[in-house]
Amino acid sequence: PDVTAPRRESFELSVDQRDRFKKYLPKAFVKLSNREPLHLVTLGDSVVDMFIANDPEAGDYLRSYSAVFGKELARQFYYTGDLRVIRPNPKKMAKDRPYLGPEITFRSLGRGGKLMLHAMQALTTFGYESAPDIVLLSFGINDATNGVNPADYAQSLKQVIESVRSRGAEMILLGSTLTVEEPAEMSMGANRKYVDTMREIADANGIFFVDLGDLDSLVEVPATIQEPALLFDEVVKQYRRFFNQGEKEDFVHPLPQLQTLLGKRIFKELVDLSLIHISEPTRPRL
């Protein structure tokens, strides 16, 4: 290689893409650009924990959307060691391949049945063991099931934000995935008030937010379907394909296929301005 050539920065990101990284993840961006060790921690419920009934990839954190996002970062910034899971489940791999070189590390702290109010416990007990650079967080499904007051949800989330920032880490907030149990109309709307609460807090604090329950990139309704009821039925039908687990019906925990799509989308929304559906934050910070 030509050692006199100027050093590449951001590995072919455009100016606008670099600006988005600098806006939402400025500290991580510096580390990524220099291929320094970077550590991700994700907090959440059983979807984050990769619970999947009757699937050999259940509990495989490498298949989770947070890990897929980390792998996209590793590819973009040329981490030749790729992503490595800290404390994987027994009989699950810590890395996809035994590549050497700089790597991104990842710790999954998703646990079944957990609500936003449990986030601080996981964070302070295990999340800070290896100082995280980026904390990804997604709660809402169990908050909806337990009828948590959105104000309490918001207060718990603000505590996490304050704690993470006090440690010098940055955050990505992820609106929880949709459940699609019967009746689908009720199930798919159950967690939306918590997603909206998270979106508002993310906007107010300049934190990168992605709504994992946005189905625009996951379903494609034929233009021939115009009747609202038929349109909704088609959306439900298409979305349920990500939960098809044979004889056992589980419309809460998606298959790895959806996890992969969501992980790639988190990264894509971070770098692609055209995919952002909400205005930039204008309200004061906490």
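The chain is numbered in sequence order, starting from 1. Just so you know, these numbers use all the heavy atoms, side chains as well, and skip hydrogens, waters and symmetry mates.
- Rounding to the nearest 0.5 angstrom, the gap separating the CG atom in N205 from the CD1 atom in I161 is 5.0 Å.
- Within a 6.0 Å radius of CD in E36, other residues, nucleotides and ligands contribute more than 12 heavy atoms.
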Solution key, residues 166-182 side-chain donor-acceptor pairs under 3.5 Å, sequence neighbours excluded:
residue : atom : partner : partner atom : Å
S166    : OG   : S163    : O            : 2.6
E170    : OE1  : A28     : N            : 3.1
E170    : OE2  : K27     : N            : 2.7
S176    : OG   : N191    : ND2          : 2.7
T179    : OG1  : S187    : O            : 3.2
T179    : OG1  : S187    : OG           : 2.6
E182    : OE2  : R240    : NH1          : 3.2
E182    : OE2  : R240    : NH2          : 3.1

Give the table of side-chain donor-acceptor pairs shorter than 3.5 Å for residues 93-102, with sequence neighbours excluded, one pair per line with atom names and distance.
residue : atom : partner : partner atom : Å
K95     : NZ   : G81     : O            : 2.7
K95     : NZ   : Y99     : O            : 2.9
K95     : NZ   : E103    : OE1          : 3.1
D96     : OD1  : R63     : NH2          : 2.6
D96     : OD2  : K71     : NZ           : 2.8

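- Ring-plane geometry between F267 and F69 is classed as tilted, the angle between the planes lying from 30 to 60 degrees on a 0 to 90 degree scale.
- The hydrophobic cluster containing V221 also contains Y239, counting ILVMFWY residues as joined when their side-chain heavy atoms lie under 4.5 angstrom apart, directly or transitively.
- Rounding to the nearest 0.5 angstrom, the gap separating the CE atom in M50 from the CG atom in D60 is 6.5 Å.
- Linking Ile, Leu, Val, Met, Phe, Trp and Tyr whenever their side-chain heavy atoms come within less than 4.5 Å leaves L13 and V30 in two separate clusters.
- For the pair F51/D45, no side-chain contact is recorded, criterion being any heavy-atom separation below 4.5 Å from C-beta on.
- Here CZ of F232 is found 13.5 Å from CD of E227. Values are rounded to the nearest 0.5 Å.
- You'll find the side chain of P132 reaches within 4.5 Å of the side chain of V135, heavy atoms only.
- Between F208 and Y24, the angle of the ring planes lies from 30° to 60°, which puts this pair in the tilted group.
- In this structure, F243 and F251 have perpendicular ring planes: the angle between them is above 60°, well past the 30° mark.
- For the atom pair CD1 (I207) and CE (M198), the distance works out to 9.5 Å, reported to the nearest 0.5 Å.
- Between Y194 and V148 there is a side-chain heavy-atom pair separated by less than 4.5 Å.
- Surrounding CZ of R87 are at most 12 heavy atoms belonging to other residues, nucleotides or ligands under 6.0 Å away.
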Practice task
Could you walk me through whether H39 and S130 pass side chain to side chain donor-acceptor pair (under 3.5 Å), step by step?
Solution key: CA-CA 8 Å; H39 184 53; S130 299; 4.5 Å; no
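- Two residues are said to be in side-chain contact when any heavy atoms from C-beta on lie closer than 4.5 Å; S66 and Y61 fail this criterion.
- L40 and I86 are assigned to two separate hydrophobic clusters, defined by single-linkage of ILVMFWY side chains at heavy-atom distances under 4.5 Å.
- Looking at R20, its side chain does come within 3.5 Å of a backbone N or O of E269 through a donor-acceptor pair.
- Atom CG of N142 and atom OG of S46 lie 6.0 Å apart (nearest 0.5 Å).
- A ring-ring contact (aromatic ring centres under 6.0 Å, His included) check over residues 126-146, counting only residues at least two apart or in different chains, returns nothing.
- When the shell of 6.0 Å around CD of Q238 is examined, it contains more than 12 heavy atoms from other residues, nucleotides or ligands.
- Hydrophobic clustering keeps I52 apart from V68 (ILVMFWY residues linked when any side-chain heavy atoms are closer than 4.5 Å, directly or through intermediates).
- A distance-only check finds a donor-acceptor pair linking the side chain of D143 to the backbone of M116 [under 3.5 Å].
- By the rule that hydrophobic residues join a cluster once side-chain heavy atoms approach within less than 4.5 Å of another member, V235 and L218 end up as members of one cluster.
- For the atom pair CG of D82 and CG of L62, the computed distance is 8.5 Å after rounding to the nearest 0.5 Å.
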Problem - Steps toward salt bridge (Lys or Arg N to Asp or Glu O under 4.0 Å) verdict (E162, K158) - result: CA-CA 6 Å; E162 182 179 355; K158 290 175 183 178; over 6 Å; no
